Asks: 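One structure coming up, written as structure tokens, with questions to follow.
The model shown is predicted, which means the values in this text are computed figures rather than measured ones.
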Amino acid sequence: MTGETARLRLRPLTESDADAVFSLTSDAEVARFMRFSRQRERGEAVQLIRGYLTSGGWAFAIERKADGRFVGVYAVRPSEGDPARWDMSTFTAKDCWNQGYSSEVLGEIVRLAREELPGITLVGHVVAENRGSRRVLEKNGFSHTETLHFPDMEGEGLCIYQLAL
């Protein structure tokens, strides 16, 4: 499956993207709001990609149309224990932040999901301090449904956003 926005192309993520993925996941600023810690070895990026590819969902490499540059990853996969809920995960290069790319991609993900997965609920988990990602979800019609707090998690908690299709 592929997708496209005005400026970006979504193509299937492959293990051959490991170097590009590692360039992002090894960046402390990119990894700071992710479910994984900053990666120290390329093999960790390979494992992350394999996890996305075997999840039963979608895993996309995000490329800029203008120059073909790899700018990030978007994955959507069934939640454990509830196939009607699909969890989303994304990360992009720092120099691509605040350019509207995430909102464009999420709009395309929602469009694809409406066509291919009617009746599911898309779920986003966002660290409360990540105000930009929270705005992207809200702009695309997601509702903040709860905030989770964990003893080992610093900050304001983990916000859960949902959109029923």
Asks: Side chains of Thr2 and Leu10: does their closest heavy-atom pair fall under 4.5 Å?
Replies: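 Sidechains of Leu10 and Thr2: no contact.
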Asks: Measure across Val46 and Ala18 and return the closest heavy-atom pair with its distance rounded to 0.1 Å.
Replies: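 Closest heavy-atom pair between Val46 and Ala18: CG2-CB, 3.6 Å.
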Asks: About how many Å separate CD of Gln39 and OG of Ser26, when rounded to the nearest 0.5 Å?
Replies: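 If I round to the nearest 0.5 Å, the distance is 8.0 Å.
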Asks: So, taking the atom named CD1 in Ile62 and the one named OH in Tyr101, what distance separates them when rounded to the nearest 0.5 Å?
Replies: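 Going from the CD1 atom of Ile62 to the OH atom of Tyr101 covers 10.5 Å.
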Asks: Using a strict 4.0 Å threshold on nitrogen-to-oxygen distance, state whether Arg69 and Glu63 make a salt bridge.
Replies: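 A salt bridge is absent here (no side-chain N lies under 4.0 Å from a carboxylate O).
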Asks: For residues Gln99 and Arg7, is any side-chain donor paired with an opposing acceptor at under 3.5 Å?
Replies: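 No, because no side-chain N or O of Gln99 sits under 3.5 Å from a partner of the opposite role on Arg7.
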Asks: Any chance you could measure Leu112, atom CG, to Glu4, atom CD, to the nearest 0.5 Å?
Replies: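 Spacing of CG (Leu112) from CD (Glu4) equals 11.0 Å.
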Asks: Taking all non-hydrogen atoms of both residues into account, name the closest pair between Lys139 and Ser103 and its distance.
Replies: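 For Lys139 and Ser103, the tightest heavy-atom pair comes out as CD-OG, 3.4 Å.
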Asks: Going by distance alone, is a donor N or O of one side chain under 3.5 Å from an acceptor N or O of the other, for Tyr52 and Arg77?
Replies: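 No, no side-chain donor-acceptor contact under 3.5 Å.
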Asks: Within a reach of under 6.0 Å around CD of Glu41, are more than 12 heavy atoms found that belong to other residues, nucleotides or ligands?
Replies: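 Count not over threshold, so no.
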Asks: Between Arg9 and Arg64, is there a donor-acceptor pair closer than 3.5 Å when you use the side chain of the first and the backbone of the second?
Replies: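 No.
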Asks: Do other residues, nucleotides or ligands put more than 12 heavy atoms under 6.0 Å from Lys65 NZ?
Replies: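 Enclosed: over 12 neighbouring heavy atoms sit under 6.0 Å from NZ of Lys65.
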Asks: Applying side-chain contact (heavy atoms from CB on, under 4.5 Å), run through Val71 and Phe91 and close with a yes or a no.
Replies: CA-CA 9 Å; Val71 299; Phe91 52 93; over 6 Å; no
Asks: For a side-chain contact (heavy atoms from CB on, under 4.5 Å) with Val126, tell me which candidate from Ile160, Leu158, Thr147, Leu137 qualifies.
Replies: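 Single side-chain contact (heavy atoms from CB on, under 4.5 Å) partner of Val126 among Ile160, Leu158, Thr147, Leu137: Leu137.
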Asks: Any side-chain donor paired with an acceptor under 3.5 Å for Ser102 and Tyr74?
Replies: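 No, no side-chain donor-acceptor contact under 3.5 Å.
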Asks: I'd like to check Val73 versus Leu13 (side-chain heavy atoms, cut-off strictly below 4.5 Å). Are they in contact?
Replies: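 Of all side-chain heavy-atom pairs linking Leu13 with Val73, at least one is under 4.5 Å.
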Asks: State, to 0.1 Å, how close Leu24 and Val30 come at their nearest heavy-atom pair, and which atoms those are.
Replies: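 The pair with the smallest heavy-atom distance is O-CB, 3.3 Å.
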Asks: Would you find a donor on one side and an acceptor on the other, under 3.5 Å apart, between the side chain of Ser143 and the backbone of Thr145?
Replies: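 No: the side chain of Ser143 does not pair with the backbone of Thr145.
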Asks: Restricting to non-hydrogen atoms, name the atom on Tyr161 and the atom on Glu138 that form the minimum distance, rounded to 0.1 Å.
Replies: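 Smallest heavy-atom distance, with atoms named: OH-OE2, 2.9 Å.
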Asks: Using a 6.0 Å cut-off, check whether atom CG of Asn98 has over 12 heavy atoms from anything other than its own residue.
Replies: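 No.
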Asks: Taking the side chain from Asp17 and the backbone from Ala20, do they hold a donor-acceptor pair closer than 3.5 Å?
Replies: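 No, Asp17 side chain to Ala20 backbone: no donor-acceptor pair under 3.5 Å.
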Asks: Is Val110 linked to Trp86 within one hydrophobic cluster, defined over Ile, Leu, Val, Met, Phe, Trp and Tyr using a side-chain heavy-atom separation of less than 4.5 Å?
Replies: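 Yes; tracing contacts between hydrophobic side chains, which count when under 4.5 Å, links both residues.
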Asks: To the nearest 0.5 Å, tell me how far Phe70 CZ sits from Cys96 SG.
Replies: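 Going from the CZ atom of Phe70 to the SG atom of Cys96 covers 10.5 Å.
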Asks: Check Arg38 with Asp27, please: is the shortest side-chain N to carboxylate O separation under 4.0 Å?
Replies: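 So Asp27 does not pair with Arg38 through a salt bridge.
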Asks: Are Gln162 and Arg85 packed together at the side-chain level, in the sense that at least one heavy-atom pair is separated by less than 4.5 angstrom?
Replies: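 Side-chain contact under 4.5 Å: yes.
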Asks: CE of Met88 to NE2 of His125: how many Å apart, nearest 0.5 Å?
Replies: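 Between atom CE of Met88 and atom NE2 of His125 there are 9.0 Å.
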Asks: Compile the donor-acceptor pairs under 3.5 Å between side chains in residues 113-122 and protein atoms, sequence neighbours left out, one pair per line.
Replies:
unit_1	atom_1	unit_2	atom_2	d
Glu115	OE1	Arg111	NH1	3.4
Glu115	OE2	Arg111	NH1	2.6

Asks: Would you compute the distance between atom CH2 of Trp97 and atom OG of Ser133 and round it to the nearest 0.5 angstrom?
Replies: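 Here the interatomic distance stands at 9.0 Å.
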Asks: Say whether, by atom type as modelled, one donor and one acceptor occur between the side chain of Glu44 and the main chain of Arg40 under 3.5 angstrom.
Replies: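 Side chain of Glu44 to backbone of Arg40, a donor-acceptor pair under 3.5 Å: yes, one is there.
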Asks: Might you point out which heavy atoms bring Gly141 and Leu163 nearest each other, and give the distance in Å?
Replies: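 Distance-wise, the nearest heavy atoms are O-CD1, 3.3 Å.
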Asks: Do NZ/NE/NH1/NH2 and the carboxylate oxygens of Arg131 and Glu156 come within less than 4.0 Å?
Replies: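 Looking at Glu156 together with Arg131, the answer is yes, because their closest N to O distance falls below 4.0 Å.
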Asks: Applying ring pair (Phe, Tyr, Trp, His ring centres under 6.0 Å), can you list everything that pairs with Phe22, at least two apart in sequence or on another chain?
Replies: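 By the ring pair (Phe, Tyr, Trp, His ring centres under 6.0 Å) rule, Phe22 matches no residue at all.
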Asks: Within the structure provided, determine whether Phe60 and Arg11 are in side-chain contact (heavy-atom separation under 4.5 Å).
Replies: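 Phe60 vs Arg11: side chains apart.
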Asks: Please report the closest heavy-atom contact between Pro78 and Ser55, naming both atoms and the distance.
Replies: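 Smallest interatomic distance, heavy atoms only, reads CD-O, 3.6 Å.
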Asks: Salt bridge (Lys or Arg N to Asp or Glu O under 4.0 Å) with Glu15: which residues, sequence neighbours excluded?
Replies: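 With neighbours one apart ignored, the set is Arg50.
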Asks: Just checking, is any N or O donor in the side chain of Ser16 or Thr14 under 3.5 Å from an acceptor N or O on the other one?
Replies: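 The answer is yes; a qualifying pair exists.
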Asks: Taking C-beta and beyond as the side chain, do Pro12 and Met1 meet within less than 4.5 Å on heavy atoms?
Replies: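 A side-chain contact under 4.5 Å is absent here.
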Asks: Given side chains that start at C-beta, do those of Val105 and Leu8 come closer than 4.5 Å, heavy atoms only?
Replies: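 Result yes, sub-4.5 Å side-chain heavy-atom pair found.
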Asks: Side chains of Thr5 and Glu108: is there a donor and an acceptor less than 3.5 Å apart?
Replies: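 Checked: Thr5/Glu108 side chains show no N/O donor-acceptor pair below 3.5 Å.
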